[in-house]
Every structure is written in C-alpha cells, then in structure tokens.
Amino acid sequence: MLNLKFIRNNIDDVEQMLQNRNTNLDLSEFRSIDTQRRQLLTETEGLKNKRNTCSDSIALLKKQKQDAGSQIAEMREVSRKIKKLDAQINKLDNQLDSILYMIPNMPHESVPPGNGEDDNPVVRTWGERPSMTFEPQAHWTLGEQLGILDFERGAKITGARFTLYRGAGARLERALINFMLDEHTNNHGYTEILPPFIVNKTAMTSTGQLPKFADDLFKLEGLDYYLIPTAEVPVTNIYQNEILEAHELPVYFTAYTPCFRKEAGSYGKDTRGLIRQHQFNKVELVKFAAPENSYDELEKLLVNAESILQKLNIHYQIVNLCTGDLGFSASKTYDIEVWLPGQGVFREISSCSNFEDFQARRANIRYRPKEGGKPHFVHTLNGSGLAAGRTLVAVLENYQQEDGSVVIPEVLRPYMGGMEVIR
RNA sequence: GGAGAGGUGGCCGAGUCGGCUGAAGGCGCUCGCCUGCUAAGCGAGUGAGUGGGGAAAUCUGCUCCGAGGGUUCGAAUCCCUCCCUCUCCGCCA
C-alpha cells in the first residue's frame with residue numbers, strides 16, 4: 001500500500017494515477033475520514049497525557065498515605081472519555097485501512113501511458129521465428145497425438161482447466177523445472193527455496209492478492225488458509241515483520257511451486273490447451289533490494305528470466321506494461337512473451353516487476369541503511385523464471401517436426417535421460 | 001488428539017504484593033581513549049511506530065513487552081479468548 005502521508009500530500013497525483021489505471025475509486029471519503037481521525041487523535045492524546053501525569057501523582061499520594069479520592073474520581077471520567085474516543089478512532093482506522101488496501105501502486109515514471117495490452121511497447125526482441133515448411137500444429141494437438149498430454153482425463157479427475165501429463169510429457173515438465181532451478185542457483189546467484197504451498201490471510205494481504213482479488217484464490221474450507229497463486233506470496237513473506245541489515249541486500253531467492261488460480265472472469269478464454277490452467281507449475285524469482293538500486297535489479301532479474309528462453313533457443317519479445325495494463329501492486333512490469341508458432345502469437349511466459357515499497361509496507365519488511373538511522377522499507381521484486389507449463393507449450397510448438405514428433409532442446413536432454421525426440 | 005511449560009528491545013535475559021521500568025544485566029553494534037599492530041581494557045551512546053514545534057542541530061506528545069478483549073485512577077505484571085514455540089504421550093507420511 002501507499003504511505004498515508006504520501007496520499008495526503010499528493011492526493012491529486014494519486015487520483016490521476018487511479019484514472020490512468022482505470023481504477024474506479026473515489027478518494028473524497030478518504031479525505032473526510034483522515035481529517036476526522038486526526039482531530040480525534042489530538043483529543044484523545046491530550047486526555048491520555050492528562051491521565052498519565054495524574055496517575056503518577058495518585059501513586060505519589062498513595063505512597064505518602066494521603067487521600068487521592070477526588071483525583072481518582074476525576075480520572076475515572078477521563079478514562080471513560082478516552083475509551084469512547086479510542087473506539088471511534090479504531091473504527092475510522094479500519095475504514096481508512098480498507099480504502100488504503102484498495103489503492104494500487106504508483107507507476108514508475110518510465111511506465112508508458114496507455115489503456116490496455118495493445119498499448120504496451122515492445123522493448124526488444126530475441127531470436128527468430130522458426131522456419132517451418134509445414135503447417136505447425138497447436139500444442140494440444142501435438143500433446144494428445146504423442147500421448148503426453150491428456151486433457152480429457154484431467155477434466156474427468158477434477159474439471160475443466162486441469163490436465164494430466166504422462167510419460168515424456170510429465171518428464172519434460174520436470175526437466176524444465178530442474179533446468180530453470182539449476183540455472184538460477186548455479187549461474188545467477190539465487191538461493192533455492194521450497195516454501196509452503198498454502199498460506200494465511202496475512203501473507204496474501206502483504207503481497208496484494210487480498211483483499212482485492214479474493215475471487216481469484218482457492219480458499220480452504222473453514223480456514224483462513226489459501227492455495228498460493230504464485231510463489232511470490234510465500235517467498236516475499238519470508239521476511240515479513242523483519243529488519244534486515246544493509247549488507248544483507250540484495251537477497252535473491254528462487255522457488256519452484258505449483259500455482260493455483262480460479263481464473264475468475266476468464267470463462268471461454270484460452271479454453272484449449274495448457275495456457276490457462278487452474279493449477280500450473282512455475283519457477284519464481286524474488287528479490288529484496290535497497291531502493292537506490294531496485295531498478296537495476298529489475299533489469300538483471302529480467303535478463304535472468306530471458307536467459308532460460310535463450311538457452312532453449314526460443315524466439316520471444318519483451319514488452320513494457322503501460323499504465324492501463326500494470327498490475328495492482330507493481331510500479332513497473334516487463335512481460336516476456338514467447339512465440340508460439342502453432343497459434344501464431346506471442347504469449348506471456350513471464351512477468352517481471354518492481355513493487356518498490358508497496359509490498360514491503362504491507363508486509364513490514366525493512367532494512368537498516370548503511371549510514372545508520374531509522375529502518376527503511378526494502379523494495380521487493382519478482383518475476384517468473386519461467387512458467388513451466390507455458391514453457392512446455394513453447395517447446396512443443398517451436399520444436400515440432402512435420403511428422404508430429406518433437407525434438408528435445410539440447411540443454412534439456414541431460415534432464416531427459418538423454419532422450420532426443422519425443423515421438 | 002491428550003498433558004504440561006513458555007512467548008519481553010538486533011540477540012540472550014531480569015521484572016518482587018499492579019504505580020518513577022520503554023523496560024535491570026549481558027552480548028552485539030557505533031563513537032572516543034589507551035596499547036607499535038591484533039586481542040584485551042576503559043568511557044559514552046544504541047528499540048520501533050505515529051503526531052506536534054523549529055530553517056536546522058534538536059525538543060516534545062501518544063502508542064507498543066505474541067494478537068485481541070476485560071478489570072483498574074493506573075497493567076509487561078491480574079482475568080478471558082485466540083495464535084505461535086518447546087517438552088512428554090498417542091497417531092501418522
């Protein structure tokens with residue numbers, strides 16, 4: 001969330017930002033609650049000051065065995081007033097919080113203006129479209145023909161948007177996960193994490209999934225526990241309510257987890273194939289950085305994610321999300337979009353974001369600056385490195401051959417027991 | 001699931017019959033002194049949040065001893081609820 005004082009002092013900018021992000025939120029309520037709250041706060045603090053000093057003198061009187069009856073009677077009245085005021089303030093605090101939690105992050109100045117995904121400028125492109133002398137197939141056709149993806153049985157076991165992997169398909173997904181983790185831990189300096197796949201409400205609120213996006217989460221019956229929609233949630237919360245030392249920053253974590261999303265509101269979208277599942281696998285990259293170099297860290301994180309596709313030798317492009325397409329918690333986001341010949345489109349395979357102190361403020365993650373003094377909020381970043389299911393889609397579609405077989409990319413073969421082709 | 005113990009500042013750890021304890025003592029850290037360097041020693045300082053005054057150094061109010069309620073003029077200290085940790089027993093991957 002944003003800093004209360006920041007909103008108070010820059011309310012016009014915040015309202016402009018809400019417009020740019022197509023967010024329908026009126027801040028007039030915020031204004032009135034905020035001023036009211038501050039009035040009551042001054043009042044109650046004055047009374048508390050009186051109570052504190054009086055309590056001291058009552059203690060003194062009692063020690064000297066003198067009568068303190070009249071003061072006690074007076075303070076009884078004061079305490080009653082304080083209790084009443086505090087209750088009012090508490091109510092206002094809750095109202096204020098619920099507004100604060102719904103305000104999205106301020107975009108960084110380098111974020112281009114725009115209404116939606118069509119306005120995202122392409123930052124750079126890597127590689128080329130594979131030249132195919134035949135009509136490329138979509139991955140769902142390839143996967144079913146090869147017997148490695150079984151959409152019907154997945155739906156039978158659970159429902160729509162659940163898929164059964166089989167044989168070389170299951171192994172290929174596992175190979176991709178292991179390959180990615182090895183790259184990030186061995187070559188990019190990340191520490192591997194295996195976090196809980198179920199988290200509590202506090203963790204979900206810290207990273208921004210709650211309260212606004214409850215509809216997209218799977219909640220466990222009768223508990224305040226949720227299935228994670230991304231490893232970002234448990235991994236960012238590793239340092240919830242902690243103060244790090246400046247020399248510890250930046251911290252790099254990578255984690256494989258399954259991800260669970262309801263995909264509410266996307267009925268009829270990407271219904272075929274592996275693109276939009278309720279459960280998918282992802283290797284995530286998470287960073288905690290000092291504010292002064294968090295944007296350098298974002299560029300590096302992006303490069304780390306890209307390197308996976310480069311080693312797989314798959315064509316992709318990078319877009320800079322515009323104000324209208326930017327996620328709720330992010331200040332800036334790059335999407336990596338991979339080329340899918342079977343569908344003839346670029347599809348998002350990774351989303352790399354700097355959240356600045358937006359999540360850190362919610363999660364209360366701070367660090368003590370080198371020069372000493374009060375702790376500051378860290379900047380948090382994360383990005384997919386990459387979504388494994390969609391990477392598998394990209395491999396199938398880009399490495400397909402005319403006969404429907406799929407060549408396994410060189411770098412994955414050691415992870416596939418030396419297998420070279422799936423046929 | 002049953003029985004018991006406990007949750008205090010960056011860490012360890014005191015806190016008596018509720019009141020000069022935002023918190024003793026120690027460690028760590030910072031600054032200074034001293035020894036040729038290192039180690040040791042000596043002295044001083046060192047929690048967080050939020051509000052107000054001042055150009056600033058800084059001064060000042062309020063809150064915080066797992067979380068939330070309650071009792072009281074006053075609670076880290078008493079009562080209730082919840083959460084977490086540890087030990088033992090049972091069960092289980």
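Just so you know, these numbers use all the heavy atoms, side chains as well, and skip hydrogens, waters and symmetry mates. To find a chain, count down the sequence lines: A is the first, B the second, and so on, and within it residues start at 1.
Phosphate proximity of rG51(B) to Arg8(A): present, with a side-chain N or O under 4.0 Å from OP1 or OP2. Between Lys83(A) and rU71(B), a side-chain N or O to OP1/OP2 separation shorter than 4.0 Å is present. Contact between the side-chain N/O atoms of Asn49(A) and the OP1/OP2 oxygens of rC62(B) is found at a separation under 4.0 Å.
Screening Val319(A), Leu321(A), Asp325(A) for a side chain to side chain contact (heavy atoms under 4.5 Å, CB included) involving Glu117(A) leaves a single residue, Asp325(A).
A distance of about 31 Å separates the C1' atoms of rG10(B) and rG69(B), rounded to the whole Å.
Ranking rU71(B), rC84(B), rG19(B) by closeness to the Ala59(A) side chain, first place goes to rG19(B). Among the nucleotides rG51(B), rG61(B), rU63(B), the one closest to any side-chain atom of Lys5(A) is rG51(B). Side-chain atoms of Ser79(A) lie closest to rC73(B) of the nucleotides rA48(B), rC73(B), rG52(B). Side-chain proximity of Arg76(A) to rG49(B), rC84(B), rC73(B): nearest is rC73(B). Distances from the side chain of Ser55(A) to the nucleotides rG74(B), rG10(B), rC62(B) place rG74(B) closest. In this structure, of rG19(B), rU63(B), rG47(B), it is rG19(B) that holds the atom nearest to the side chain of Ile58(A). Here the nucleotide nearest the side chain of Glu45(A), chosen from rC73(B), rU71(B), rC62(B), is rC62(B). Listed nucleotides rG51(B), rC84(B), rG10(B) differ in distance to Tyr225(A); the shortest reach to its side chain belongs to rC84(B). Nearest nucleotide to the side chain of Arg366(A), out of rA48(B), rC73(B), rG19(B): rA48(B).
Within the 4.5 Å cutoff, no side-chain heavy atoms of Ile408(A) are placed close to those of Glu420(A).
Within the structure, ring pair (Phe, Tyr, Trp, His ring centres under 6.0 Å) pairs that include any residue of residues 160-183 of chain A comprise Phe162(A)-His278(A) (at least two apart or interchain).
Partner assigned to rU50(B) is rG61(B), using Watson-Crick or G-U wobble distances below 3.5 angstrom.
Using the six-membered ring where Trp is involved, His188(A) and Tyr190(A) have ring planes that are perpendicular, over 60° apart on the 30 and 60° scheme.
The 5' end of RNA chain B is approached more closely, in terms of each residue's nearest nucleotide, by Glu245(A) than by the other of Glu245(A) and Lys50(A).
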